[in-house]
Amino acid sequence: MAPRDYKQELEYLEKRGKNMWRIKKGFVSNMNVDGLFFVNDHLEKLMFDELRMHCKFQGTGGFLPAMKQIGNVAALPGIVGRSIGLPDVHSGYGFAIGNMAAFDMDNPDSIVSPGGVGFDINCGVRLLRTNLSESDVKPVKDQLAQSMFNHIPVGVGSKGVIPMGARDLEEALEMGMDWSLREGYVWAEDKEHCEEYGRMLQADSSKVSFKAKKRGLPQLGTLGAGNHYAELQVVDEIYNSQAARKMGIDFKGQVCVMVHCGSRGFGHQVATDALVQMEKAMKRDKIEVNDKQLACARIHSQEGQDYLKAMATAANFAWVNRSSMTFLTRQAISKMFNSTPDDLDMHVIYDVSHNIAKIETHIVDGKEKTLLVHRKGSTRAFPPHHPLIPVDYQLTGQPVLIGGTMGTCSYVLTGTEHGMSETFGTTCHGAGRALSRAKSRRNLDYTEVLNKLHELGISIRVASPKLVMEEAPESYKNVTDVVDTCHQAGISQKCVKLRPIAVIKG
């Protein structure tokens, strides 16, 4: 398709209500379905400014704006419904981050794409409650932050303290949280409050390279770097007291712990290995895509099945990783208060994934279909009475954990029926970057960022000063804008707002 100017591009975009835009077929080549994205006024400006800059400078680099990436995904074989961008959507590898798409499992041409999952497979968020209040924690906040920093290995190259040999790793990759339970690192009820119960059964470690296992072995139970964190948070607002009570959130000022991490170098290697194989499969099967980063294979091909089995091991790795850090967090906090995790009510509220592809049943054009749902930088948000969510949450809907940026608030949402029909039960995952990491380092000074956090009363322990600039709140969209957009669009509902008081980063 020949390059078009900005005004021509706008002809393919149609506003559908206050918070939703349609991307019509023809916006990019070969679209099989429409695209869709959710924004409020401020996020809308960011999206259109990005498109305008792309039109002005196209041909000078490989950068694709999120809107174009949503369109390219809509051109993939076997896609159903629409290619959907959530309010935190921003440019990523292949798929935009914050882009979800579903593919018909009964269509022999349907594909699976590692770019629709991401390199950090099953990057996700876990939330633990406590019965502590802010007044309990405030006098020892700095010591508590240091204790958590000492207990949880963080940063690039960090090594886990959970004893792990090659055989343990093989078992963990296939068993997921069942391994953690067997080894005594989690409570039985933790599993009940985890997406997929912390284990993808199709995992097959024989489909994973030696290199991936070598990278993963020392990293199990580590936080890593980038946007990953462990935070002490305080309940700041409760929007739905009934749903909050079901989660064990009873009062403003209650202290919770949020852990955000994924599958580390293991998942990255699984994705890298799969992309090499899929490029070969595309040539063999004559699969054409708009962007080479959308390398893919037919779901039922050998390469497609091998990837899904390997991806499941990486998902299991991530759940074991978050479980190991749950164990270490419980240790750190209970030692500080000379108590036990049980007496401190340190139960898992929920654990969600936001980089994963899963087989699910949905209604498409009035018919029940089995779909492979890719969620990249987006979170499952199933409604009340859905059979795949825990008994505790059957009346309220699935808890959805939306992590903020360093120094800004996080949210707990709940899934809705409208979201089920509009977005295949999917909502946002966080704030979404507004500045690249390189631009953040150029534009921000880490001492100023640290001083701002201190003024906000937030203790921070960080392994790398450079990371402070990359992960500063200024580098991201406003998470409240993102969450409010989802709430107003009805694809998820606000339940609880959490404010950080201590941040642990890599």
Side-chain angles (χ1 to χ4, degrees), residues 1-24 26-29 31 34-74 82-100 227 290-291 293 376-378 402 404-405 408 427-444 469-489 491:
M1 185 182 288
R4 296 186 298 234
D5 63 29
Y6 181 63
K7 286 184 180 177
Q8 288 175 306
E9 297 282 33
L10 293 181
E11 293 175 11
Y12 291 91
L13 301 170
E14 176 190 1
K15 192 155 190 178
R16 303 282 296 269
K18 186 180 177 185
N19 299 108
M20 190 166 67
W21 282 80
R22 173 190 171 205
I23 302 173
K24 302 177 198 173
F27 183 67
V28 301
S29 304
M31 287 174 67
D34 287 342
L36 188 73
F37 62 93
F38 295 88
V39 283
N40 66 3
D41 290 343
H42 179 63
L43 299 173
E44 179 181 299
K45 183 179 184 304
L46 291 176
M47 289 279 282
F48 280 87
D49 283 350
E50 184 184 56
L51 180 65
R52 187 184 293 110
M53 292 299 287
H54 172 72
C55 290
K56 185 176 180 181
F57 296 109
Q58 61 186 327
T60 61
F63 169 79
L64 276 177
M67 264 192 252
K68 289 285 186 182
Q69 291 192 304
I70 293 168
N72 285 339
V73 168
R82 294 164 296 197
S83 171
I84 296 168
L86 286 310
D88 48 343
V89 69
H90 57 287
S91 182
Y93 183 92
F95 278 56
I97 299 166
N99 189 182
M100 71 75 51
N227 61 349
N290 289 351
D291 176 6
Q293 291 186 356
K376 180 181 181 180
S378 56
I402 308 300
T405 61
T408 65
T427 192
C428 63
H429 87 302
R433 291 198 78 89
L435 296 177
S436 69
R437 286 185 163 84
K439 196 174 283 187
S440 296
R441 290 196 296 274
R442 286 197 302 270
N443 294 1
L444 302 171
M469 297 177 287
E470 291 179 3
E471 298 303 319
E474 294 90 337
S475 301
Y476 285 83
K477 297 176 182 178
N478 184 323
V479 68
T480 300
D481 272 343
V482 170
V483 165
D484 284 349
T485 302
C486 292
H487 181 84
Q488 289 158 13
I491 59 175

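Sequential numbering from 1 along the given sequence is applied to the chain's residues.
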Qualifying residues under side-chain hydrogen bond (donor to acceptor under 3.5 Å, both in side chains), relative to Lys24, sequence neighbours excluded: none

Taking only residues two or more places apart in sequence, or in another chain, which ones meet [X] in a side-chain contact (heavy atoms from CB on, under 4.5 Å)?
{"X": "Leu43", "answer": "Val39, Asn40, Leu46, Pro87, Lys477, Asp481, Val482, Thr485"}
{"X": "Lys45", "answer": "Asp49"}
{"X": "Ala74", "answer": "Met31, Val33, Ser83"}

Residues forming a salt bridge (charged side-chain N to carboxylate O under 4.0 Å, His left out) with [X], sequence neighbours excluded:
{"X": "Glu9", "result": "Arg4, Lys68"}
{"X": "Lys18", "result": "none"}
{"X": "Asp484", "result": "Lys494"}
{"X": "Glu14", "result": "Arg22"}

Would you confirm whether [X], through its side chain, and [Y], through its main-chain N or O, come within 3.5 Å as a donor-acceptor pair?
{"X": "Gln488", "Y": "Asn19", "value": "no"}
{"X": "Asn290", "Y": "Ser29", "value": "yes"}
{"X": "Asp88", "Y": "Gly430", "value": "yes"}
{"X": "Lys376", "Y": "Phe95", "value": "yes"}

Any idea which heavy atoms bring [X] and [Y] closest together, and the distance?
{"X": "Met100", "Y": "Leu86", "value": "CG-CD2, 4.3 Å"}
{"X": "Ser91", "Y": "Leu64", "value": "OG-O, 2.9 Å"}
{"X": "Phe38", "Y": "Ala489", "value": "CD2-CB, 3.7 Å"}

side-chain contact (heavy atoms from CB on, under 4.5 Å) evaluation trace for Tyr12 with Ile23: CA-CA 6 Å; Tyr12 291 91; Ile23 302 173; 5.6 Å; no

Ring geometry between Trp21 and Phe37 (parallel below 30°, tilted from 30 to 60°, perpendicular above 60°): parallel

side-chain contact (heavy atoms from CB on, under 4.5 Å) between Ile97 and Val89, worked out: CA-CA 5 Å; Ile97 299 166; Val89 69; over 6 Å; no

Does some side-chain heavy atom of [Y] sit less than 4.5 Å from a side-chain heavy atom of [X]?
{"X": "Asn99", "Y": "Ser378", "result": "no"}
{"X": "Thr405", "Y": "Val479", "result": "no"}
{"X": "Asp34", "Y": "Phe27", "result": "no"}

Glu50, Met47, His54 screened by side chain to side chain contact (heavy atoms under 4.5 Å, CB included) with Met67, the one that passes: Met47

Atom pair CG/OG1 of Asn478 and Thr408 - distance to nearest 0.5 Å: 7.5 Å

Approximate separation, where rounding is to 0.5 Å, of Lys7 NZ and Asp5 CG: 7.5 Å

